[in-house]
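One structure below.
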2 protein chains.
Amino acid sequence: MAKKEETDDVSLWERLERPAAAPRASLTPGRIAEVATGIADREGFAAVTMRKVATELGVAPMAAYRHVNGKDELWALMIDRVSGELAPVDEISGWRETLRAYALRTREMMLRHPWLAHMPAPLFALTPHRMAAAERQLASLDGLGLDVDTMMAAFRAVNAYVHGATQSEAALRQYMQDQGWQSADETRRGLAPQMSYLMETGRYPTYRRYTHGAARKDDATWQFETGLDCVLDGVAGMVERGHA
Amino acid sequence: MAKKEETDDVSLWERLERPAAAPRASLTPGRIAEVATGIADREGFAAVTMRKVATELGVAPMAAYRHVNGKDELWALMIDRVSGELAPVDEISGWRETLRAYALRTREMMLRHPWLAHMPAPLFALTPHRMAAAERQLASLDGLGLDVDTMMAAFRAVNAYVHGATQSEAALRQYMQDQGWQSADETRRGLAPQMSYLMETGRYPTYRRYTHGAARKDDATWQFETGLDCVLDGVAGMVERGHA
DNA sequence: CCGCTGGGTATACGACGTACACATCGACGC
DNA sequence: GCGTCGATGTGTACGTCGTATACCCAGCGG
């Protein structure tokens, strides 16, 4: 435990920021993350393979291991990279506008990179760009009379909602794409075999009423924003009670 | 496209319920799901392998494929199986108590089976037991004057929160277990190398204030319930406005 | 008694993650 | 200048995975 250093003792994020460590380095964590996310965007999560990343970099399969400890770290780099697409929200607007803007941007970002829905969840914390977004959201809740625990709870509530809602939305989209279904109607037709057996058991009357009578059934944006505003209303209640 | 029938044309869920299809059948989707979830519970998500499931069933590696179309379907069966642990909530209590009870039970169930956090999200819909839970939650929102779209949005908001929040909680727990960390303090010490680099950049002052000064930092149940009540408050607002 | 069908098996292929030993080359002390 | 050393990239190899395909055989309807 004293020899496999350099990718082991110094933090992944330190390595990521360290500028072109050695002169000879044509590979960097940044470049690796770049082509890996490119592959994921174009060909899906499952196509991101150590070997494919390497060939796309014009390099031997094992080369990337000098800069990245394994597939887990590669995933962490990918998550951090796309999290960098979340442009900061200007600080003038109040907490609600700030949280709302981050939520909308996060959703858009996750839909741009649907492979995020397949990521093992633990990696979703502690990357620099994610922490930066968290910091700005927390800061927007500061000074309202909430204690730090409650601030964090509010922040987490919004983010848990955004992740949960967008994960299933992104996953559905990708599933449609995998199956070659273009429209919502086409999807219903494709899902019908699975669905009709369940529905004809007669066990789900309320659900059935929704699938037959809903007007905004296919308006994912309306659904997301309605749920989001609902959560934000709840946070507003906390804020009011918090400094009462 | 006219010969690979029997696992292809009839729905997975129909196969699951069909009682002991043939006389000779010693294998069933139910038994397969049973040992697969057993493996996942004991040894983690990555240990669930077609071959391991087969040997645990005392059967050749390819045998399970007669009953299950591939790993995806196996995962769907596993999800449905543990979703069956969500005991129905009696219908007497109001919508809020019903949704709250399902949320708490869902969290507990997901923490009992932490491998759920690693599941590709698309499979999280459309399994019979999950639809049963959804049906009962929707029914509890029925008759309050909400239109079906809003009912569904409220239901989805709560569930998205529950999934998002519990996924990260379960993932953290499993990560701790993988690393052999027992307590929250031990975890902080283990995470310190990763964390200190980020914190010492000075970019996250509000976040730092939380990690240093929070009282409920390690009370996951408080955090979950606080966020949940927040979302439920938001739903309450929708309900009030909905029949106004 | 025969042949068909459906459950279980045997074999095999290609791809994956990654351990390990090796080659190469820039930079730096002398 | 020159040897050495650490960091960077390579080659080879192993074990494991999902699953296609061809097979075998028990039991049953005729």
Side-chain angles (χ1 to χ4, degrees), chain A residues 1-10 14-15 18-32 35-36 39-40 43-78 118 120 178, chain B residues 1-10 14-16 18-32 35-36 39-40 43-78 118 120:
Chain A
M1 186 183 281
K3 234 9 178 342
K4 48 179 326 214
E5 315 295 298
E6 195 55 27
T7 50
D8 223 27
D9 54 348
V10 13
E14 195 165 352
R15 264 176 282 145
R18 199 154 48 177
R24 184 115 173 305
S26 67
L27 243 42
T28 62
R31 273 186 52 65
I32 294 172
V35 328
I39 294 172
E43 310 176 41
F45 177 66
V48 179
T49 227
M50 287 291 171
R51 297 166 128 99
K52 181 169 281 188
V53 170
T55 51
E56 198 131 325
L57 283 162
V59 110
M62 289 303 293
Y65 282 88
R66 293 280 176 207
H67 307 268
V68 156
N69 261 337
K71 231 191 174 194
D72 295 1
E73 279 201 0
L74 176 60
W75 288 340
L77 281 177
M78 293 169 67
H118 292 299
D178 292 349
Chain B
M1 184 181 287
K3 239 357 181 351
K4 46 175 327 211
E5 316 295 300
E6 194 56 26
T7 50
D8 223 29
D9 54 348
V10 13
E14 196 164 352
R15 264 176 281 145
L16 176 60
R18 202 154 50 179
R24 184 113 175 308
S26 66
L27 243 42
T28 62
R31 274 186 50 64
I32 293 172
V35 327
I39 294 171
E43 310 177 39
F45 177 67
V48 179
T49 224
M50 287 291 170
R51 299 168 128 98
K52 182 170 281 189
V53 170
T55 50
E56 198 132 324
L57 283 161
V59 111
M62 290 301 293
Y65 282 90
R66 293 280 175 206
H67 307 267
V68 156
N69 262 336
K71 232 192 173 194
D72 295 0
E73 280 201 0
L74 176 60
W75 288 340
L77 282 177
M78 292 170 67
H118 291 301

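Worth saying up front: this structure is predicted, and the values here are computed from it rather than measured. Numbered from 1 within each chain, the chains take letters A, B, ... in sequence-line order. In what follows, every heavy atom counts, from backbone to side chain, and hydrogens, waters and symmetry copies are set aside.
- Within the 4.5 Å cutoff, side-chain heavy atoms of E56(B) are placed close to those of I39(B).
- Between the CZ atom of R31(A) and the C1' atom of dG9(D) there is a distance of 14 Å, given to the nearest Å.
- If you measure from atom CZ of R15(A) to atom P of dA7(D), you get 13 Å, rounded to the nearest angstrom.
- Ring planes of F45(A) and H118(A): parallel class, angle under 30° (limits at 30 and 60°).
- The OH-C1' distance, from Y65(A) to dT12(D), rounds to 15 Å in whole Å.
- The CZ atom of R15(A) lies 5.5 Å from the CG atom of N69(A); values are rounded to the nearest 0.5 Å.
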Pairwise N/O distances under 3.5 Å, protein to nucleotides 12-16 of chain C:
from    : atom 1 : to     : atom 2 : distance (Å)
dC16(C) : OP1    : T49(A) : OG1    : 3.4
dC16(C) : O5'    : T49(A) : OG1    : 3.2
dC16(C) : O3'    : T49(A) : OG1    : 3.2

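- Between H67(B) and the phosphate of dG6(C), there is no side-chain N or O to OP1/OP2 separation shorter than 4.0 Å.
- In this entry the distance linking CG of L57(A) with P of dG9(D) reads 10 Å, nearest Å.
- Summarising the geometry, the separation between CD1 on I32(A) and P on dG17(C) is reported as 14 Å, rounded to the nearest angstrom.
- Between the CG atom of L27(B) and the P atom of dG6(C) there is a distance of 17 Å, rounded to whole Å.
- Rounded to an integer number of Å, the gap from CD1 of I39(B) to P of dC17(D) is 11 Å.
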Cut-off 3.5 Å, no hydrogens considered: what does the side-chain donor-acceptor table look like for residues 46-55 of chain A, sequence neighbours left out?
from   : atom 1 : to     : atom 2 : distance (Å)
K52(A) : NZ     : E43(A) : OE1    : 3.0
T55(A) : OG1    : R51(A) : O      : 3.3
T55(A) : OG1    : K52(A) : O      : 2.9

